[in-house]
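Read through the structure below, which is laid out as structure tokens, and then see the notes.
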Amino acid sequence: MPLIYLAVAALAIGFEQLIQWKYGPMGIVAFLALTIGIKARNTMIGGIGAVILVMLLAH
């Protein structure tokens, strides 16, 4: 079981680094807002993060 947690954490860190490398600091802010919104079940924060990510991906 700890191996699964380690693998998930490594994937999350890798994804975060990919977002930062490709989309810069604003990508990290959007990813964090989306993650916090989902974990806190706050649709406003999650929606803001999702909109920012979509805007970054659209261009």
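Basis for what follows: all heavy atoms, side chains included, without hydrogens, waters or symmetry-related copies. No experiment lies behind these values; they were computed from the predicted model shown.
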Residues which pass side-chain contact (heavy atoms from CB on, under 4.5 Å) with [X], listed by chain and number, not counting sequence neighbours:
X: L34; result: I38, A50, L53
X: A33; result: I45
X: T43; result: none
X: L18; result: W21

Who else is in the cluster with V51 when I, L, V, M, F, W and Y are joined by side-chain contacts under 4.5 Å?
M55
Just how far is it from atom CD1 of I48 to atom CD1 of I36, taken to the nearest 0.5 Å?
11.5 Å
All pairs passing ring pair (Phe, Tyr, Trp, His ring centres under 6.0 Å) where residues 36-56 contributes a residue, at least two apart:
none
